[in-house]
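The structure appears right after this line, and notes come after that.
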Protein chains: 2
Amino acid sequence: MNSKGHKKLIEIAEKFYDQFMEGNVPSMQLPTRNKSNIVYDEDLKVWVYGEKNTTRIANNIGGATKLLKASFTIEFLTKQLNENRSSTLRELYYISESWREKEAKFTAQEESNQLIEDLEIVSGVRREDFHMRPEESGATVIGPLKIEEKTRRGEREIHCQEDVGEGGYQIPANTDRIKFIDHSADFVMAVETGGMRDRLVENGFDEDYNSIIVHLKGQPARATRRLIKRLNEELSLPVLVFTDGDPWSYRIFGSVAYGSVKSAHLSPELATPAAQFVGIQPVDIIEYDLPSDQLADADINALKSELQDPRFQNEYWTKHL
Amino acid sequence: MNSKGHKKLIEIAEKFYDQFMEGNVPSMQLPTRNKSNIVYDEDLKVWVYGEKNTTRIANNIGGATKLLKASFTIEFLTKQLNENRSSTLRELYYISESWREKEAKFTAQEESNQLIEDLEIVSGVRREDFHMRPEESGATVIGPLKIEEKTRRGEREIHCQEDVGEGGYQIPANTDRIKFIDHSADFVMAVETGGMRDRLVENGFDEDYNSIIVHLKGQPARATRRLIKRLNEELSLPVLVFTDGDPWSYRIFGSVAYGSVKSAHLSPELATPAAQFVGIQPVDIIEYDLPSDQLADADINALKSELQDPRFQNEYWTKHL
């Protein structure tokens, strides 16, 4: 049983109970989780949630339903921890369909994912400590790095170049089970797309340039971001982020280097402020006369949204966006 | 240089040229690629394309544009083979934006993917021989199986239980580079979702039941289907397919066991007719009073489409669907 996650969840439930007993309307306070409320932490050099708060309060149907869902989820999680089991985020969404209270059922997986993040923030415990896993992301590592992964089957020492196929070493959901044993790398190359990652591997880029190639697989999973941060901090390796040249790519870089809006409460553990951008810049398309695609409306909205995103408010990004 | 793929591509281009020189309108004949034209091959026990043909002919703008795109793609592929390079399907789509003839640009990746499949059918050569790769699928294997993968860095012997982390061994795009060295498995368990795969691994299912767990990752990539077929045929291992209980899951099973509609020209190499279904059956939901979700319109359409799908025209499936 995981005592820390369990204890914190019970505390939240107890608070609801106390509020009821004192004749107060139960409520839960959270930082506002959108880009209007992320601020730059000068010490940590990452973006975290600011001072603005949102209160979920049971004095209207919407608020009451949210707290009902939170209660059922807390019950589910404590039971899971008692039985030493784990689930994925997707499973929680489906499992909610069998809850006796129909109102507690989630309408979309987005909603249950967000609630788990809310509980992380309120409890100060990461979802790994609730035994909640994401769907496997399939992101991989290849390069001159020897790790030890603590598995339920004992320790495994794996050299991420010599002991793996061309697919590389698969990053597990909980990267804190990995210990770095040895390496001879000069830097980390984090790559957005599988095609580019495969081409670099095909050309022996990791061998010729002593680099650790990490596949981001689009918007990178927490485990991938955590691993990049640890490679940067524990092994003092520079990190380069290589993306496509489209509006979404800048967000991918932002989530690696600055911290993501959705999980800004974890930025200190997940973001790598020293990461550098080496993708195609919009100005390169003009300077090198590269072929380009008409931006779709969704792309233009993404750009507009980035221009209002506090993480991109510096000279470099406002010019390029 | 890959001589087989190259030779076949040039032959297609030469045929267009000859048609022009003889004063004929260039055309290309293909089997009709939808579920109305797949037939069961009694010998191979898989579904392949039937007798119906579709002709792409340049006597109208639509047909002419299709052949123009085919010509540009053939030029791109032969150049790539000459230079011994490779690309992904997604890259081909983006690269078409830089082609000098604007009309040859693909409107969606779906279109360029389909054209590559068309060229496979006409040439009788697989896209691997054109050096075209899919985006990495991230599907994995874990279990008592020792393989040797031929990589550009030499041969790698990997035991898919002892030499990997909990993420498992990553299936490479070209599984024909894998040789089976040794195994002590009783059967193969192919699993649709990452959550279920992780739970089985967490519970040591592969160790307790001597099974090789293959993660399908939704609709499985060609490489995954090819590997399953090889495990079945070369090692005589029974294959169980474990899916969710929704209309899409039956298609996933269908593509593993019967062959997929999209790549029916490759069914003899990709489909595993001996595969057995062990997922949730619709009747189980009623018998065991399982919680279920309202089917969305898209789900109902998927079911209707399956009822008209020749692969599902047997007593078992018509009853359950």
Side-chain angles (χ1 to χ4, degrees), chain A residues 85-91 94-99 105 133-140 147-154 156-158 161-174 177-178 193-199 201-204 206-207 215 217 244 290-294, chain B residues 85-91 94-99 105 133-140 147-154 156-158 161-174 177-178 193-199 201-204 206-207 215 217 244 290-294:
Chain A
R85 288 187 303 111
S86 68
S87 319
T88 67
L89 292 168
R90 192 194 303 267
E91 283 170 332
Y94 282 118
I95 285 167
S96 81
E97 292 175 354
S98 66
W99 288 348
K105 177 178 175 300
R133 286 175 283 118
E135 286 289 296
E136 186 184 30
S137 86
T140 58
I147 57 115
E148 182 186 281
E149 181 183 333
K150 197 171 174 169
T151 76
R152 269 164 290 250
R153 300 136 193 248
R156 296 276 186 269
E157 274 199 11
I158 300 169
Q161 225 165 26
E162 288 161 21
D163 301 335
V164 298
E166 277 180 13
Y169 166 69
Q170 177 93 15
I171 301 174
N174 187 350
R177 294 220 202 98
I178 296 177
T193 61
M196 192 47 66
R197 181 256 174 220
D198 286 351
R199 169 143 317 153
V201 172
E202 183 178 315
N203 294 346
D206 52 320
E207 291 179 334
H215 181 197
K217 259 192 122 87
D244 288 354
L290 300 175
S292 66
D293 222 1
Q294 194 69 37
Chain B
R85 288 186 303 112
S86 68
S87 319
T88 67
L89 292 168
R90 191 194 302 268
E91 283 171 330
Y94 282 118
I95 285 167
S96 81
E97 293 175 352
S98 66
W99 288 348
K105 177 179 176 299
R133 285 175 284 117
E135 285 291 296
E136 186 185 31
S137 86
T140 57
I147 58 117
E148 181 186 280
E149 182 183 332
K150 197 171 174 170
T151 75
R152 268 164 291 251
R153 301 137 192 246
R156 296 276 186 270
E157 274 199 12
I158 299 169
Q161 226 166 25
E162 288 160 23
D163 301 334
V164 298
E166 277 181 12
Y169 166 69
Q170 177 93 14
I171 302 174
N174 188 348
R177 293 219 204 100
I178 295 177
T193 62
M196 192 46 68
R197 181 256 173 220
D198 286 350
R199 169 145 317 155
V201 172
E202 182 177 316
N203 293 345
D206 52 320
E207 291 180 336
H215 182 196
K217 257 190 123 87
D244 288 353
L290 299 175
S292 66
D293 222 359
Q294 194 68 38

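These values consider heavy atoms only, across backbone and side chains, with no hydrogens, waters or symmetry-generated copies. Just so it is clear: chains get the letters A, B, ... in the order the sequence lines come, proteins before strands, and each one is counted from 1.
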Most heavy-atom pairs under 4.5 angstrom with chain A, which of [options]?
| options | value |
| --- | --- |
| B/Q161, B/R90, B/R199 | B/R199 |
| B/R153, B/E207, B/R156 | B/R153 |
| B/M196, B/Q170, B/K217 | B/Q170 |
| B/S86, B/A173, B/G204, B/P172 | B/S86 |
| B/A139, B/G168, B/G165 | B/G165 |

message: Heavy-atom pairs under 4.5 Å with chain B - which of A/R133, A/E91, A/E202, A/R197 has more of them than the others?
response: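 It is A/E202.
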message: I'd like to know which of A/V201, A/T193, A/N203 tops the heavy-atom pair count under 4.5 Å against chain B.
response: A/V201
With a 4.5 angstrom heavy-atom cut-off, which part of [X] approaches chain B: side chain, backbone, both or neither?
| X | value |
| --- | --- |
| A/D206 | side chain |
| A/T140 | side chain |
| A/E166 | both |
| A/D163 | backbone |

Quick one: pull up [atom1] in [X] and [atom2] in [Y] and give me the separation to the nearest 0.5 Å.
| X | Y | atom1 | atom2 | value |
| --- | --- | --- | --- | --- |
| A/E148 | A/E157 | CD | CD | 5.5 Å |
| A/H215 | A/D198 | NE2 | CG | 7.5 Å |
| B/R177 | B/E149 | CZ | CD | 7.0 Å |

message: Could you check whether atom NZ of A/K150 has more than 12 heavy atoms from other residues, nucleotides or ligands sitting under 6.0 Å from it?
response: no
query: Looking only at heavy atoms, what is the nearest atom pair of B/Y169 and B/I158, with distance?
result: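 Looking at all heavy atoms of both residues, the shortest contact is CE1-CD1, 3.8 Å.
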